[in-house]
Each structure stands twice: as C-alpha cells, then as structure tokens.
Asker: 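Below you will find the structure I want to go over with you.
Letters A, B, ... mirror the listed sequences (proteins, then strands); counts begin at 1.
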Amino acid sequence: MNLSSLCNGFLLWGREVYWINRNGGSIMKEYNPNDIEPKWQSIWADKQLYKSSSNPNKPKYYVLEQFPYPSGEGLHMGHARVYTIGDVVSRFWRMNGRSVLYPMGADAFGLPAENAAIQRGVNPRDWTLKNMERIKEEQSLMGMSYDWDRYIGTCLPEYYHFNQWIFLLFYERGLAYRKKASVNWCPNCNTVLANEQVIDGLCWRCDTEVTKKELEQWFLRITDYAERLLEGLDQLPKWPERVKAMQRNWIGKSTGADVTFALPEINEEITVFTTRPDTLYGVTYLVLAPEHPLVIKLIKGQKQEQTILDFVEQMKKATEVERTAENVDKIGYPTGLYAIHPLTKEKVPIWVGNYVLMDYGTGAVMGVPAHDERDFQFAKKYQLPIKQVIQQPEPTEGQLTAAYTGEGPLIHSAAFDGISNRKAIQAIAKHLEEVGKGGETTQYRLRDWLISRQRYWGTPIPIIYCDHCGVVPVPKEDLPVYLPEDVVFDGKQNPLTTSESFVHTTCPQCGNQDARRETDTMDTFIDSSWYYLRYIDPHNHEKPFDSDLVNQWLPIDEYVGGIEHAILHLLYSRFFTKVLYDAGLVNFEEPFTSLLSQGMVLKNGAKMSKSKGNVVSIIEASNTYGADAARLFMLFTAPPERDVEWGDSSNVEGSARFLKRVWRLIHDHHGLFEGEELDHAPLDDVAKELRQRLHQTIKKVTAEIGERNHFNTAVSAIMELVNEIANYPAESHRGVLKDALETLIILLAPFVPHITEELWQLTGHPKSIHLQPWPAYNEQFLKNDTIELVIQVNGKVRGKITVPIDLSKEEIESQALAHERIQELIKDKEIVKVIVVPARLINIVVKA
RNA sequence: GCCGAAGUGGCGGAAUUGGCAGACGCGCACGACUCAAAAUCGUGUACCUUUGGGUGUGUGGGUUCGACUCCCACCUUCGGCACCA
C-alpha cells in the first residue's frame, strides 16, 4: 500500500488527511484531542454508527446507566464515570458480536424545574427541555455511543401518558389506594415524601427536617410484594452484597407471633406482635402506641384522661427525629384498664408509651421486663413487676439488675416449664393458635409507597372525584391527562390547584359536570421505575411497550449506577417489574441481572457539589485533557466500585501522557502502514516474545472487561504491551510488530474511542474501528518453550532455573538440587522433602 | 446492638485456583537531550541491613512444605438498619 492508496481510504471518510514524517525530519502531527474528538463525534453521529437493532442471529446485550436529571448545572465527572463504564461495556460487547442495546434518556420531572419557575418565572418545560439538550451535548462530548433514536424524556406527554396507564393498571389490580394517614411532610419542598425519601429524619433532596401531617394520599401496595422482593434478592448473584443487604434491611422481615389480649370491660381486644412468644408467661404489662385507635376509648372517663390526651397530641406533632432519637427517654402513662393474659388469665395493666410505634407491627407490645432491655428500663422507671420465665445459667441473687436475653429452659410457664426457650417460641405460638389467641406471623418494616406529591412538575394522577360516583379512574382511552399551562407559580400552593380548566371536569361515569380532578402529581420515582422498558419501544402510542420486544431484550445485562439508589430506585423498579410480571406484560421478575454500583468521583476528598464549589464539569475536563484522557483516568485509577479522587492534575495527566505515547509509537512505525514489504522469515526469540505478550494481553483484557468489569487491570495490561512494543528492536521481525500495533489500537478502542479511531484511520483502515471484531488470542502463542521456575528452601526464594516446559518432575527436582547456590545452602542439612509444583516452583524442605 | 464492605509502599492500586507480595500508574531522586526550561527518553524507588541476609499485606493465634488468599478470635474505617417489640 502506498501513500496515495492510504489517502483513498481517508477520502472514504470524506476527510483530507496528510501524513507528516517524523523520522524524515519534519514535525510529527501532534496528538490534539480538541481537534480529533469533535471531528469523530460528528462523523459517528452522521453515520449513525451506534444505532441498535435486534438481530436474531446475534445474542443480545442490554447495557444501561441510570439516566440523569437534567438540572441547570450540567454534568460533572461523577456522571461521566458512570457513562464511561457503560460505554466501555457496550463497545466491548458490540465488538464481540453482540446485538447491543445502549440507550439514554432524561429523568426530566422534578422539583428544580418548578423552583426555577417560581424564582425566575421561566416555564418549567422550556427550562427542562433546554437542559436536556445541553446534557445530551455533554454526553456526546465524552464520546458515548448511545443510540439516540431511543431517547426518552419522562416529562413529555408521550412518556407520562404511560405512567398514568401503569398507575391505572395498579389501581385495577388493587395495588393503588387512597388513605388518610400521618405522612412525612417536607416544609421546604412543600410536599409529602415516601419513607424511602426520608434519610435520618431529613428530606432526601434538601436536608430539611421532615414533619408529620395528617393527609389523604395515594399509596402503592409495595408491602404486598415484601416477601417476593426479599426472596428475589437470592436470585441476583451479580448484585453487590452491600446493595442486597441494604434492601434486606429496608424490607426488615421478622418472624414471631401475634398474641391477643381480651379487654372484657369494654368488650375489645388488643393484639400485640412479638418475636419472643417464649416469654409470654413473663408479660407484666402491655403498652400501646399513642396513636393506637383504642387509646381514646380506653382512657374515657379515667383519671388520667386529659394528661394522656395531651401526651398523644404531643407525640403526633413530634418529628421523626424527636420521636426516635437514641437518647429520648421512655415515657408512659397507665390507662387504668387491664387486659386478660390469654394463657394465665391474669390481669395485665395497659399503658400508653412513646416508645411504641403505630406503624410497625400492631402498634401494641407486650412488656416482658425480665427478658427485654427496653421493657426492663420501662418497668424499672415505673415500678412495674418483673417476672422471670427463662432460667439463667447462674441465677442472680435478689433483684435483677438487667434483662436476661440469653437462652435457657422455661420456668414459671405452666405446661411449658423445662423446655428450651428456642423450642418454646414455636410451641407457644402453636398453642396460641389452638386456643384462638393468635399464632405465628411475620412482620415487615417496609411500608406502602406514598406517591402523591403536591407539586406541578410531575405526572398528574389520572383520578377524578365525583360527588355521585366517588373516586373514578380516568378511562385509559382518555389518557394522557395533560399538565395544564394556565397555572400560578407562587411557591405557596400546588400550582395545579390554580388551573380551573384542569381541576374542573366531567365525571366519566355519570357525566356530572362538577367533578374535580386529583391535583397531586406522582412521585418522580414512578418515572424511573419502568423507563428501561420504554427504551425498547420508545415511540409506541398505544401502550407502554410491546411485550414481545421487551421480553427479547430484557432483563438488563449490566446496569450501572450509584449506590444512592440502593434502596429507592432499585427497590421500586423491582416492585414494578413484579407487578408487570403478574399482569402478564413481561416474562421476567427481576429487571437487572447484573448491577455495577460505581464509586464517586471526589474532588479534595469530597463528593462534587455546587455548594462545596468543587465541581469538575465534563466540559472543563474534556477541554483541559480531552475526553479520552479523562475516560482513561477514571477507568484506570481504581476498580469501578471504589471512589476515585480527581485530585491534582498529575493523575489525569498520566493518562494523557500514555495516550501521547501510543500516538507517537504508531507514528514512529508509520512505514509499516505505508506499504512496507514485510519479511516472512521465521520468528526469532524477540519476535516470539512480543507475539506471546500480545496474545497474553488479548486474553487478559478480554477477561477483565468481559468477565470481571476490572477495567483498571485491563488498562494496565495494555500499558505493559505498549512498554514491550516500545522496547522491541527496530531490526527485529516487522510483521509481528505490525500485528501488535494494530491489535493494540483495537484493544484500546472501547476505552478511548476517539484517538483509536484517528489512529485506525491513519494506519490505513477505511472502516471505523468501532465496527472491528474483537481480536482472538491463540492458545498456542501463549506458551513458551521454556519456563522459569523458582527454587525455594523452606519456603524462601533462593534461586531460579529455566527449564523446558515439558520437563518431568523428577528432572526438575534433580536440576533444582544441582543448582549451585542451592547446593551451598543445603549441604549440611537433611532434606525432608521436595515439593515440585509444575510451572510454578520447587520447594526444598530441610532440617538443620 | 444487628447486617454488609474494606484494611497491602509516600499515593491510586495489582496479585483470577493457596505457590516469586507490591504488576501498572502517580509522585520522588538521579542521569541523557537542551544555552535553559518544558516535553521526551533512561535508571532507581517497601522497610531494615554488618550486603550474608532479615522483616513485611490491620492485630493475635491456627492449618499448610508454602497464607494478602483458608480457619478462629479481635481491632479500625466506611455504609445500611435500629426504642422495629
């Protein structure tokens, strides 16, 4: 191939390229990322290089990153890291012959747009759409290979139409319901929050302390799926253990028993939940949560009525923090009434106490001070009786000083005396069931998902209230319920309530013209609970997606995202998928087969944030170092799940330096790609070594990306190859060198797509490198004729020998023993034994 | 308290099955090139040392010919849950 034919190749790309010969004395064309990166980005876009289509002849691979919220601030390197990881994976599998789906979108509903409307009078839609465009540009700047034809924005009616559709599906299936409840209220965001969105008593978005409010709200019955959400985790071996642990904690399963105590005086019953039915005979009192519905009835006409009512009111107003902080004292009041113990028929006093929570279990607990720390404290404080029912190994003299929570045989427990408390847990629960006073049961910490939000920029809940018909769902054919434009943003009220044209409507059931629309919108986590399904069929106007298509592509093979969604988004998505499965719309129960939870990109040891002023934007990084160097740095510096420190510039410069080195290496050998006549002589030892290194590198890089997601070690293997090529003597076999250089460029392509595309073109290849098949290694070239073995004496390395690869154990042993230095070391000693590990080492065990 | 993850040079990290600890990179030092600097290239870089060697992967034990890797106990850091009955 001569220079003009090379240029022909370049002309296919529609670009004029010239070659400058460094060795010839003129200046080598410098590696300038700001030059080549935008060029290739626009060529890739024009050629639609990354358009995906399902090809029945190829196995599919669906790789996805959590889509961004299009804020006004644009994207920083934390975002870039997520996308880079996904991009490497998608490019790798594309080159490995998979039909890859790699889409992107925007999680476009949310409060900041609305706050911008309130503060600056902008239209939330225009503001959001503008940001979406900007973020797409920034993602393209990093060289991401998304299939933009599948782009979705959740704030568009084409999308939120199907949020409403799915909401109605939940409603039909009895999984969406309205109830009046004490809910979490963020006074800063002016809206309610789901339990998952309250972090340590603070709003997940703005860190404002969350208060309680009594409101009628919409919930999704995620608790119906608690057990399946828990069990499903066991089917996810490719999820990080910590994410699964977090979900397990959140679901919070505990097994125990319900116990029913009768209240003959007022003809009622109190049911308590306990994990320790074995201590039932040690109950000396009951405690109700202040919010327990029976409290009012119990205290009616009692001495303490007013005191307790005041206490209950105070508790209802308290924030989560005030109520549950660790140093909060236990406070209780006796109601004056007694319940009947279901087995002993003894009278047990009923108290109301701050430490009992209404929304866990039954809102009532039994007090067993002898065997429970909290009950012990409470009983001591209020001088309640303490009754031991489990025998301690060494009984304490006189009064107990602490609860005994260990194991032991039961005492003072009637027929159950003498049996171990472990066995008694089940025995007593079973007995309760027989006598109709309770029985084994399971409780979950998980609570139903509150999805109503008193905000504008979200999906309207498709419900109409009619004075005649009550709650009426909007018929599916009337969807979407559009967000109205004639609203007032004053920050004081839900803007939707200010749109008369929206609120005032006709009842679809009876035609009543005085019906009202629901003015709350949906939690934006609804949007992200199924968006990964919409990418499959993004332009479907009839339904959310075509089930056959979705079943072809899903589940997602690799899902990349931050740990901050370990519970929220990932739990909700799993819930949605299970509901859609039950509805027969998808044929899988878990949407994400493999989860890659990447670490943060830190700057000065802290997460990048606007308030800390330590944000490194994508634009800044790509201008300063180039997207390729920035990508390479983040991939190389640590495995993906760890945090990386963007730090001082030297780290990123190291990556840029490596790219320059590769650039020069290729240019130094440009003759190879300009029609140099290659010799066909047999390979000498140096050439064989390079070939071996090359094939080792292919093997290593393939496994590190394809099997382990260890991009850092993949990059370091490529660096080693570069070092070896750089040391390869100019006079040695040229064909091997050419092969090594070309393969090097291909191996680097998923990591640094721009520079490799440029170099691929410069080395005379007319078609994009990103359409190249991934190189295969040859097992035969991995091996050497000889191998170096380590000789140890008593486990310490004392020498080395090089032997033919197929030398027998016996011969290896005799050669090792014959080794000069080894002889010296073992000459006065008795050889106890000699261990020969083929292809590794010889260990000679000696005694002095 | 319960659950989970992690502890390796000055730094980021590597060691995939129990087999040469510290690959690769950053930083640093010295050298080459240069009037000089940058860039680049080369050499060195765990610690101690009497230059024979000794020590070393959070700590203490154990298994093994051999342990960063397996077992037991513990310490520290980070994360989740937590008056959850």
Asker: Select base, sugar-phosphate, or nothing to describe what A:Glu645 touches, counting heavy atoms under 4.0 Å on all strands.
Answerer: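 It contacts nothing in the nucleic acid.
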Asker: Does A:Asn354 have a side-chain nitrogen or oxygen under 4.0 Å from the phosphate oxygens OP1 or OP2 of B:C83?
Answerer: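 The answer is no; no side-chain N or O of A:Asn354 sits under 4.0 Å from OP1 or OP2.
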Asker: Can you find a side chain N or O atom of A:Asn723 that sits less than 4.0 Å from OP1 or OP2 on B:G25?
Answerer: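 For B:G25, OP1/OP2 do have a side-chain N/O of A:Asn723 under 4.0 Å.
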Asker: Can you tell me if the side-chain N/O atoms of A:Arg708 get under 4.0 Å from OP1 or OP2 in B:A15?
Answerer: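 Indeed, a polar side-chain atom of A:Arg708 lies that close.
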Asker: Does B:A85 have OP1 or OP2 sitting under 4.0 Å from an N or O in the side chain of A:Arg445?
Answerer: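 A:Arg445 to B:A85 OP1/OP2: no side-chain N or O under 4.0 Å.
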Asker: Please report whether the ring centroid of A:Trp449 lies less than 6.0 Å from that of A:Phe525.
Answerer: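 Distance test on ring centres: not under 6.0 Å, no.
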Asker: Closest approach of A:Asn604 and A:Glu645, non-hydrogen atoms and distance?
Answerer: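 Looking at all heavy atoms of both residues, the closest pair is N-OE2, 2.8 Å.
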Asker: Regarding A:Lys660 and the six-membered ring of A:Tyr31, is the cationic atom NZ or CZ under 6.0 Å from the ring centre and inside 45° of its axis?
Answerer: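 Checked: cation-pi criterion not met.
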Asker: Just checking A:Phe636 against A:Phe751, ring centres under 6.0 Å apart?
Answerer: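 For A:Phe636 and A:Phe751, the ring centres are not under 6.0 Å apart.
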Asker: Classify A:Asn843 by what it touches in the nucleic acid, base, sugar-phosphate, or nothing, heavy-atom distance under 4.0 Å.
Answerer: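 Since a base atom lies under 4.0 Å of A:Asn843, the category is base.
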Asker: As a test of your reading of the structure, name each stem of RNA chain B as range with range, where a stem is three or more consecutive Watson-Crick or G-U pairs at under 3.5 Å.
Answerer: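 Looking at RNA chain B, the stems formed by three or more consecutive pairs are B:1-7 with B:75-81, B:10-12 with B:24-26, B:27-32 with B:40-45, B:46-48 with B:53-55, B:58-62 with B:70-74.
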Asker: On RNA chain B, nearest-nucleotide positions of A:Arg821 versus A:Ala364: which is more 5'?
Answerer: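 Result: A:Arg821.
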Asker: Enter syn or anti for the glycosidic conformation of B:G7, syn applying to angles within 90° of 0.
Answerer: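 That one's anti.
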Asker: Tell me what A:Val845 touches on the nucleic acid: a base, only sugar-phosphate, or nothing, going by heavy atoms under 4.0 Å.
Answerer: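 Counting heavy atoms under 4.0 Å across all strands, the contact made by A:Val845 is with sugar-phosphate only.
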Asker: Evaluate whether atom CG of A:Asn32 has more than 12 neighbouring non-hydrogen atoms of other residues, nucleotides or ligands under 6.0 angstrom away.
Answerer: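 More than 12 within 6.0 Å, yes.
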Asker: Quick one: which of A:Phe378, A:Phe261, A:Tyr382 gives a ring pair (Phe, Tyr, Trp, His ring centres under 6.0 Å) with A:Tyr285?
Answerer: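 Output: one option passes, namely A:Phe378.
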Asker: Using a 4.0 Å heavy-atom cut-off across all strands, classify A:Thr362 as base, sugar-phosphate, or nothing.
Answerer: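 Answer is nothing: A:Thr362 stays at 4.0 Å or more from every strand.
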Asker: Please classify the nucleic acid contact of A:Arg248 as base, sugar-phosphate, or nothing, using heavy-atom distances under 4.0 Å.
Answerer: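 Touches nothing.
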Asker: Mark yes when over 12 heavy atoms from residues, nucleotides or ligands other than A:Lys238 sit less than 6.0 Å from its NZ; otherwise mark no.
Answerer: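 Count not over threshold, so no.
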Asker: Under 4.0 Å between a side-chain N/O of A:Arg657 and OP1 or OP2 of B:C24, yes or no?
Answerer: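 No.
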Asker: Counting any heavy atom closer than 4.0 Å, what does A:Pro240 reach on the DNA or RNA strands: base, sugar-phosphate only, or nothing?
Answerer: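 It contacts nothing in the nucleic acid.
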Asker: Could you tell me whether A:Tyr333 and A:Phe311 have their ring centroids closer than 6.0 angstrom?
Answerer: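 When the ring centroids of A:Tyr333 and A:Phe311 are compared, they turn out to be within the sub-6.0 Å range.
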Asker: Please pick, from B:G19, B:C41, B:C26, the nucleotide with the shortest atom-to-atom distance to any side-chain atom of A:Ile835.
Answerer: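 Within the option list, the nearest is B:G19.
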Asker: Check the phosphate of B:C65 against A:Lys833, side-chain N and O only, distance under 4.0 Å to OP1 or OP2. Yes or no?
Answerer: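 Result: yes.
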Asker: Kindly say if A:Ser254 contacts the phosphate of B:A85, meaning a side-chain N or O under 4.0 Å from OP1 or OP2.
Answerer: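 Yes, such a contact exists.
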Asker: Just to be sure I understand the rule, does A:Lys253 reach a base, reach only the sugar-phosphate, or reach nothing, if contact means heavy atoms closer than 4.0 Å?
Answerer: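 Nothing: the residue A:Lys253, judged by heavy atoms under 4.0 Å, touches no strand.
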Asker: Have a look at A:Arg798 and say if it touches a base, only the backbone sugar-phosphate, or nothing, with a 4.0 Å heavy-atom cut-off.
Answerer: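 Sugar-phosphate only.
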Asker: How would you label the contact of A:Asp375 with the nucleic acid (heavy atoms, under 4.0 Å): base, sugar-phosphate, or nothing?
Answerer: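 A:Asp375: no heavy atom of the nucleic acid under 4.0 Å.
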Asker: In whole Å, what separates the P atom of B:U57 from that of B:U69?
Answerer: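 Roughly 9 Å separates the two P atoms.
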Asker: With a cut-off of less than 4.0 Å, is there a side-chain N or O of A:Tyr355 near OP1 or OP2 of B:A85?
Answerer: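 No, because none of the side-chain N or O atoms of A:Tyr355 sits under 4.0 Å from OP1 or OP2 of B:A85.
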Asker: Looking at B:A14, I'd like to know if its phosphate oxygens (OP1 or OP2) sit under 4.0 Å from a side-chain N or O belonging to A:Arg642.
Answerer: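 For B:A14, OP1/OP2 do have a side-chain N/O of A:Arg642 under 4.0 Å.
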Asker: Is B:G52 in the syn or the anti form, by the rule that syn lies within 90° of 0?
Answerer: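 B:G52: syn glycosidic orientation.
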Asker: Given that A:Leu357 and A:Glu720 both sit by RNA chain B, which one's nearest nucleotide is further toward the 5' end?
Answerer: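 Residue closer to the 5' terminus by nearest nucleotide: A:Glu720.
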Asker: So, is A:Arg664 near the phosphate of B:C41, with a side-chain N or O under 4.0 Å from OP1 or OP2?
Answerer: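 Yes, A:Arg664 has a side-chain N/O under 4.0 Å of OP1/OP2 on B:C41.
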Asker: Check every atom of B:G53, B:C20, B:G19 against the side chain of A:Glu788 and return the nucleotide holding the closest atom.
Answerer: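 Nearest nucleotide to the side chain: B:C20.
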Asker: So A:Lys800, base contact, sugar-phosphate only, or nothing? Heavy-atom distance under 4.0 Å.
Answerer: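 Contact class for A:Lys800: base.
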